[in-house]
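Worksheet for the structure shown next.
This structure is a prediction, so every number in the text was calculated from the model and none was measured. In the text below, chain A, chain B and the rest are named by the order of the sequence lines, each starting its count at 1.
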Amino acid sequence: MPKITLPDGSKRFYKEPISTIEIAKSIGSSLAKATIAGKINNVLIDATLPIYKDSNLVIITSKDKEGIEIIRHSFAHLVGHAVKQIYPEVQMAIGPVIDEGFYYDVFSEHRFTPEDLLKIEERVNKLIKQNYNVVISQANKKEAINIFKERNEIFKLRIIEGIDDNALINLYKHQEYIDMCRGPHVPNTKHLRYFKLTKLSGSYWRGNSQNESLQRIYGTAWTSQKDLDEYLKRIEEAEKRDHRKIGKKQSLFHIQEESPGMIFWHPNGWMIYQILEKFIRDILLKNNYLEIKTPQAVDKSLWEKSGHWEKFRDDMFTTASESRIYAIKPMNCPCHVQVFNQGLKSYKDLPIRLAEFGSCHRNEPSGSLHGLMRVRNFTQDDAHIFCTEEQIQEEVSKFIDLVFEVYKTFGFDEIIIKLSTRPSKRVGSEDIWDKSEEALSQALNNKGLSWQLQPGEGAFYGPKIEFSLKDCLNRLWQCGTIQVDFSMPMRLDATFVDVNNEKKHPVMLHRAILGSFERFIGILIEQYEGKFPIWLAPTQIILLNITDRNSEKCIELNKQINEKGYRSKVDLRNEKIGYKIRESTMQRIPLIGVVGDKEQTDNSISIRSLDGTNLGIFKLNELYTFMESLIDKKGRVH
RNA sequence: GCCCUUGUAGCUCAGCGGUAGAGCACUCCCUUGGUAAGGGAGAGGUCUCGGGUUCAAGUCCCGACGAGGGCACCA
């Protein structure tokens, strides 16, 4: 006699155990048609499974977030169904839901190509039209093993091995195809309509490159054609913001075959880079950092001492000379310790904050390179804070504030914070790791920030907080970071004299605000769609003459603006004004100044903004005031 | 590093067995025009590199290198 309470508080009594879909039917036939699953006391359940006890029930339809996820999940099964029909020898691994879609990892001798994807898509469409029931059944472990043995699904068998002996396993029958899943799933394929298989990729069983190579089929799925179309449109639009495309269009930088993963900065891009560097340098000086510069190549013995050689030897570029081996520095920290080690330090000197715009080289795997985001040569806005244990909290806290202050300047509204803790391969005692992880999580909690834990993802010498930003396709890139390190100072024998006149090792905090200039600029390009705020814009204003009569006036005004310290240039080509405006607009120059006979007479400029607004006629001093106000704002949105 | 895709003029791309094409950009000429493309002419390519198949190869096959999307990695 289950009593069912619905979200509006109304109660319904049933004589027998009853399924969600039957309850929906008793409410209304259109609700029943739309029912995808039930949520009983906050736990999702298949729509066709009976409910025995008194429960709170929410009927899930495609309007619910959970509904879309179930649809996506069922689409993965449906793709499985189609794949097995076309390629019966394929073995199915896992098929989970992801953001805006799903994938299925499969094992097959056959190498899938984009043409195969179309074939599979076609088959899925065929199956969809049959509106068949997805039938759930429950099996114990032994039964499940038999079923998947018979079907030669070795990956499913491996999954079953990890399941509790007494657990019931949900099996979903899509006609002749059987999948195994926690569920729930849609009761009928009529709920599965709007999808597209998007891409193929390689993957590894259980995400481990030592395991079997699998092939991953990605798809996206929605609850209406409109949503699907909008999604595809959105991706298309986002791709236009790709920093590599804009970088080419606006001549910011290039990369070429002879130096993969290393950047040739062009005048425009290098201007942005320099402005950023100056901006950070000023901030560091204000915050009591001391800037230094250390060597590019350092004898391998130092990297052996620091522990890098053992762990990263293959990832370093090396060079040999006179029977010595040097590593091109992959990071700055060992060098910074060398600077710290010069001269005796007292506890009174701490904290010492050594900063460097350090150019580092890392031989990153070829497949990981990605425009400016992942490169082999990058420059960090790096610094190492040498302090006592007692000073950690405050330093970390101050640093977090600094990161937010800087990021706010660029208008980022989504900063993802993660805390990465001790990895399996590490140096340092458990006690030290406990202390370090505690210090970082405390600092975050004290600020009331929300953050995610990433167990096992820390650096080999210490845990870290990561500040990540998203690119145009929502991919996450770590930018800022702060890492607690008790080990490096010991290994490299950094010491200070404490209040009891005893030598002690300082703690070292590795930290970067932007991370690398390369990556950060990549993010900025996509953030601004190449329309840089005026303080960063390589060219801030361009002057266009209407006719040759106005050329000299343009040159004269341009010279004055330049001398005033603004980045101004002219376009005096014999072209119509509309043409030149179009070109400047496409070059994303924030201000376009037009000088014709009228302006020439009263020594003024007609100014137009990048978005096409006519800002009116400006005298030079008015222009300076106006530009100054824009520059002050930087990239802030609030 | 792994899987799929891909590499043709400065850029974007077409050509997919018979000896290279478009638009834009560039050069020159005409045009001096007031807020997102005025007109004409011209120049420009050992089709990434190295092998192979073929009478004949950007075009098919193999390999290398680069790039794109994922995976793995990320001090």
Side-chain angles (χ1 to χ4, degrees), chain A residues 103 105 108 111-117 198-218 239 242 244-245 248-249 251 254-261 303 306-312 314-316 329-334 360 362-371 373-376 380 420 423 425-427 457-462 464 466 473 475 477-478 481 483 485 488 510 544-551 573-586 592-599 606-614:
Chain A
Y103 66 78
D105 275 352
S108 172
R111 299 293 178 201
F112 287 98
T113 66
E115 289 82 66
D116 297 329
L117 222 52
T198 49
K199 54 196 173 194
L200 277 168
S201 104
S203 66
Y204 301 101
W205 171 244
R206 292 206 198 278
N208 185 334
S209 57
Q210 307 296 313
N211 293 341
E212 289 93 339
S213 265
L214 305 174
Q215 299 182 72
R216 180 169 294 178
I217 298 166
Y218 280 94
E239 280 168 355
D242 191 310
R244 292 162 300 193
K245 280 190 186 152
K248 209 177 262 177
K249 258 192 202 138
S251 188
H254 86 269
I255 307 172
Q256 65 187 48
E257 278 200 37
E258 290 83 349
S259 53
W303 305 105
S306 70
H308 289 97
W309 193 260
E310 192 191 345
K311 190 157 192 300
F312 293 108
D314 291 338
D315 308 320
M316 291 191 221
K329 69 175 171 184
M331 30 178 0
N332 306 300
C333 41
C360 297
R362 295 179 187 176
N363 197 3
E364 303 283 7
S366 56
S368 70
L369 300 180
H370 184 95
M373 303 298 198
R374 185 84 182 265
V375 289
R376 289 193 173 139
Q380 293 173 302
S420 298
K425 264 195 182 175
R426 58 177 178 263
V427 295
E457 297 292 312
F460 73 93
Y461 49 70
K464 59 178 177 179
E466 296 171 20
L473 290 174
R475 290 171 294 210
W477 300 95
Q478 182 199 306
T481 181
Q483 316 177 354
D485 182 359
M488 195 82 61
H510 308 240
L544 315 177
N545 58 334
I546 300 276
T547 79
D548 287 345
R549 283 195 303 284
N550 316 122
S551 295
R573 287 176 303 168
N574 173 16
E575 296 289 352
K576 287 197 171 177
I577 194 69
Y579 180 89
K580 292 199 281 192
I581 285 178
R582 180 167 196 271
E583 295 236 315
S584 303
T585 303
M586 290 196 306
I592 297 170
V594 175
V595 179
D597 291 343
K598 207 156 38 121
E599 289 81 6
S606 165
I607 305 285
R608 168 194 162 111
S609 68
L610 180 53
D611 63 12
T613 316
N614 181 359

> With sugar-phosphate meaning primed atoms plus P, OP1 and OP2, does P330(A) contact a base, only sugar-phosphate, or nothing at under 4.0 Å between heavy atoms?
Replying inline: base

> Given G69(B), is OP1 or OP2 found less than 4.0 Å from the side-chain N or O atoms of H370(A)?
Replying inline: yes

> Would you say U32(B) has OP1 or OP2 under 4.0 Å from some side-chain N or O of Y579(A)?
Replying inline: no

> With respect to the phosphate group of C74(B), does any side-chain polar atom (N or O) of R362(A) fall under 4.0 Å of OP1 or OP2?
Replying inline: no

> How would nucleotides 42-51 of chain B be written as a contact map, 5' to 3', with B for base contact, S for sugar-phosphate-only contact and - for no contact, using protein heavy atoms under 4.0 Å?
Replying inline: ----------

> Can you name the residues that form a ring pair (Phe, Tyr, Trp, His ring centres under 6.0 Å) with Y204(A), not counting sequence neighbours?
Replying inline: none

>> Once you apply a heavy-atom cut-off of 4.0 Å, does G612(A) come out as touching a base, just sugar-phosphate, or nothing?
In response: nothing

> Under 4.0 Å: is that the gap between some side-chain N or O of R608(A) and OP1 or OP2 of G34(B)?
Replying inline: no

> With distance as the sole criterion, do the side chain of E239(A) and the base of G69(B) form a donor-acceptor contact below 3.5 Å?
Replying inline: no

>> I want to check one thing: is the phosphate of C26(B), taken as OP1 and OP2, less than 4.0 Å away from some side-chain N or O of R573(A)?
In response: yes

>> Please give the distance between the P atoms of U6(B) and C61(B) as a whole number of Å.
In response: 11 Å

> Given C4(B), G1(B), A25(B), which nucleotide is nearest the side-chain atoms of T113(A)?
Replying inline: C4(B)

>> From C-beta outward on M586(A), which listed nucleotide comes closest to its side chain: A36(B), C73(B), A75(B)?
In response: A36(B)

>> Strictly below 4.0 Å: does K576(A) bring a side-chain N or O up to OP1 or OP2 of A36(B)?
In response: no

>> What's S213(A) touching, base or sugar-phosphate or nothing? Going by heavy atoms closer than 4.0 Å.
In response: sugar-phosphate

> Which is true for Y103(A) with a 4.0 Å heavy-atom rule: it touches a base, it touches only sugar-phosphate, or it touches nothing?
Replying inline: nothing

> Is a donor-acceptor contact shorter than 3.5 angstrom present between the side chain of R374(A) and the base of C73(B)?
Replying inline: yes

> Between C4(B) and S201(A), is there an OP1 or OP2 to side-chain N/O distance shorter than 4.0 Å?
Replying inline: no

> Think K248(A) has a side-chain N or O under 4.0 angstrom from the OP1 or OP2 of U12(B)?
Replying inline: yes

>> Taking 4.0 Å as the cut-off, does a side-chain nitrogen or oxygen of R475(A) come that near to OP1 or OP2 on G69(B)?
In response: yes

